[in-house]
Amino acid sequence: MLAATAVAVLAVAGFLLASASFDGRAERSSARWPQVTEGADATLLWRATLATLGERQYDVVYIEPLTADAPLPPGLSQWPAPGEAVLSPALEAAGAEVRGEYGEAVGTIAEDGLESPSEYFAYVRPNAELLDTKGMTTASGFGVPWVPPLGEHMYNFGPTEFRWSYLALVGLPAGLFVVIAARVGAAGRDRRTAVLVALGASTSSRAWFTVGEAIVPVALGALLAAAVLAPVPAVDIPLPVVDFVSYAPDARAALPLVAGAVLGVPLAVLAAVVLLQPPFRPGRSTRPRAAKRRREWVLWLFPVALFGTVRGVDLAPYDLRLPVLAGGSVLTIALLPGVVGAVVAAGGPALAKAGAARGRVGMLVAGRRLAGGARPVARLVAAVVIAIGLAAQGQIAISLFTEMSDRVHAVESHLGTSVVRVSTTLSTVNADVAGFERELGPDTYALAVTVDSEGGRLDLVADCTVWRGLGAACPGTRPTELPRTDHAGLDRTVELQRSVGMRLYARTGSVAEAMRTTKDPSLMVLAQDGRPLSLSRVHGAANAHLAMATKVQVFAMTGTLGGSGEGIAAQQWLELLSVTGVLVIVVVAGIGSVAQFVRTGRELGPVSVLTGNGRVYYAVSLWSLLVPTVFAVCAAVAVTWYVTTPLMAASVSRLSALSAVGAAGLLCASVIAWWGARTASAAGAVWRPHND
């Protein structure tokens, strides 16, 4: 009970701390959103843009004061000078290259201006010659009462998705831990209950005996959890796997609720221990009795949950599909152990009959034990079933994001960074293309990219010197289809564009003129020798010479290709939560199995003496542990396959995830059976008759 209480308290406290973190991030994000206004009330200009570093997306905000008393954005102590940038500490620590992308980096943003200490964020004051006032928003200050579409929360796991995933991957295992821990050592507790009943003890008296037995380990578990949680409100704590730091002020805001959880969860655990004890039914027979049909509702509810989950997702509104899938999956997986237990228990009499007919003591004893009821079997396989269900669903959900990321990497690997695209939605009237090329070094070309009216063709514009440098004939002023060149990266780009129905044409002309006159100006940038280009260096040069804010990415199928943003963050969070849940399940399985194995050894002590054969433990373990667990593994894999059909994961990814998890489950079943036989044999070896 000590470990179960500690895990339960930590699970509830983690949920409360996460909710407080979401609230704090939303509050700080709202505080830095501009108060949009027009006319004489405007004191500053503001514009937010999206940037990418590796596979992580973040926001860059361009600011410009209009008056001497313009209010500062939260987190800044003074206005940066034109051409300067103020970065968040995490973004500044990301690398030297990113510090030069937006001009000279001066200072860092204070924590009260960031959603979390790990957020990538930047304030930039553009150069005066590239300042695009028409492309910026006029504002009088900062702070709005609603959550804006800006900041780390836009590229991270959302609160709804996180809470459902947390409840499924962490909350369910923690609840299972409490249920199984409440019945560990049930045989000794049931014998004590029989003695108390014989002495005339009432139901409330027996309950107080149970509370007295459990209160010490429950209290110690609560104290252990409190010790683990103690540093959280005091210091910022980086979480493993994910790029996130738990912010201490948010944790302090949740301190009353966390303290309530430390005090209230142990009381709930004690109540669960009392309520989960079966009522005592006196009887003289020691023979296992078939369980009554008091849990038939599980068999009826399971198919409803199974089919209702899959079909309910299709019928539910779009915003409710994830809650329906998560809630239905949790309910289905929670009911599955009871169904497996009922099926195995129903086959117990047939197994016992086959053992008696063949003279197999192990089959006979195992069959009689299994026929005794579905609950012991359900408790035995519950940990394995839920671990497989949670791990498989976590891996399949992760595959949704890894498939997208893999496609990005495949295209980037094919193209490399030898051909990149620089784009902007702001004014390029003052663009200095020649200065941009000079900053990138000799033999680096910038070709203007224009889109025809039909959208199925991209025209590349450059002078004859550039075309000859690329090994192509100088085209005329009328667009002609781009022939093969001496530049391998450009040829690969042409092939990829053609594969998706986009054609590349070439014409001779002024790049600067094309940049000024086209609706959505962009450049194709490449080196004559085909060497890879530094995206950070190109971005810094573009921001300094072309436009106030630019975007630089690999030239891909529809123009640009970058990080998968929220998908990468979701993948990391799912990995963290699924690993946490599976670790809890492993502890649950270990504690429950040890208790079951010790009890089995003591019960089979007389059988081993009468048969004179210690191998009976292995035979009983084979039929009462291995066979039910293997059946449970197969059932869990099949159910998980069906429940995850609404997820848009490829069948190959689902099959791969389920195969890996199923193989691990079968290995676990084999280890459980072997360990059970060894433990039971050791416990049976020390058995001595005691007039019982």
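For clarity, every value in this text was computed on a predicted model and none was experimentally measured.
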Nearest 0.5 Å please: distance from the [atom1] atom of [X] over to the [atom2] atom of [Y].
{"X": "D243", "Y": "W573", "atom1": "CG", "atom2": "CH2", "value": "10.0 Å"}
{"X": "R25", "Y": "N156", "atom1": "CZ", "atom2": "CG", "value": "5.0 Å"}
{"X": "F157", "Y": "W164", "atom1": "CZ", "atom2": "CH2", "value": "13.5 Å"}

Practice problem: For T5, enumerate each residue passing the side chain to side chain donor-acceptor pair (under 3.5 Å) test, keeping only those at least two apart in sequence or located in another chain. | Solution: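 With sequence neighbours excluded, T5 shows a side chain to side chain donor-acceptor pair (under 3.5 Å) to no residue whatsoever.
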Quiz item: What residues, two or more places apart in sequence or in another chain, satisfy side chain to side chain donor-acceptor pair (under 3.5 Å) together with S205?
Solution: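 Result, side chain to side chain donor-acceptor pair (under 3.5 Å) vs S205: S202.
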Self-check item: With R163 via salt bridge (charged side-chain N to carboxylate O under 4.0 Å, His left out) - residues at least two apart
Solution: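 With neighbours one apart ignored, the set is empty.
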Quiz item: Residues in salt bridge (charged side-chain N to carboxylate O under 4.0 Å, His left out) with E152, at least two apart?
Solution: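 Partners of E152 by the salt bridge (charged side-chain N to carboxylate O under 4.0 Å, His left out) criterion, ordered by chain and then number, come out as R56.
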Quiz item: Would you say L229 and L10 make side-chain contact, with heavy atoms under 4.5 Å?
Solution: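 Side chain of L229 against side chain of L10, heavy atoms only: contact under 4.5 Å found.
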Quiz item: Do W300 and V304 come close enough that some side-chain heavy atom pair is under 4.5 Å?
Solution: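 The answer is no, as the side chains (C-beta and beyond) never meet within the 4.5 Å cut-off.
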Minimal non-hydrogen separation, [X] against [Y], with atom names:
{"X": "D250", "Y": "G24", "result": "OD1-CA, 3.5 Å"}
{"X": "V273", "Y": "A214", "result": "CG1-CB, 4.3 Å"}
{"X": "A272", "Y": "V178", "result": "CB-CG1, 4.2 Å"}
{"X": "A225", "Y": "A6", "result": "CB-O, 3.8 Å"}

Tell me every residue that passes side-chain contact (heavy atoms from CB on, under 4.5 Å) with [X], counting only those two or more places apart in sequence or in another chain.
{"X": "V147", "value": "A26, S30, H153"}
{"X": "A207", "value": "V274"}
{"X": "L577", "value": "F162, S165, Y166, L169, V170"}
{"X": "V241", "value": "Q572, E575, L576"}

Which pairs of donor and acceptor atoms, one on a side chain in residues 259-271, lie under 3.5 Å apart (sequence neighbours left out)?
none

What pairs of donor and acceptor atoms, side-chain ones from residues 329-345 against any protein atom, are under 3.5 angstrom apart with sequence neighbours left out?
{"from": "S329", "atom 1": "OG", "to": "L325", "atom 2": "O", "distance (Å)": "2.6"}
{"from": "S329", "atom 1": "OG", "to": "Q393", "atom 2": "OE1", "distance (Å)": "3.4"}
{"from": "T332", "atom 1": "OG1", "to": "A305", "atom 2": "O", "distance (Å)": "3.4"}
{"from": "T332", "atom 1": "OG1", "to": "G328", "atom 2": "O", "distance (Å)": "2.7"}

Exercise. Please list, chain by chain and in numerical order, all residues satisfying ring pair (Phe, Tyr, Trp, His ring centres under 6.0 Å) with F307, sequence neighbours excluded.
Key: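 So F307 forms a ring pair (Phe, Tyr, Trp, His ring centres under 6.0 Å) with Y642.
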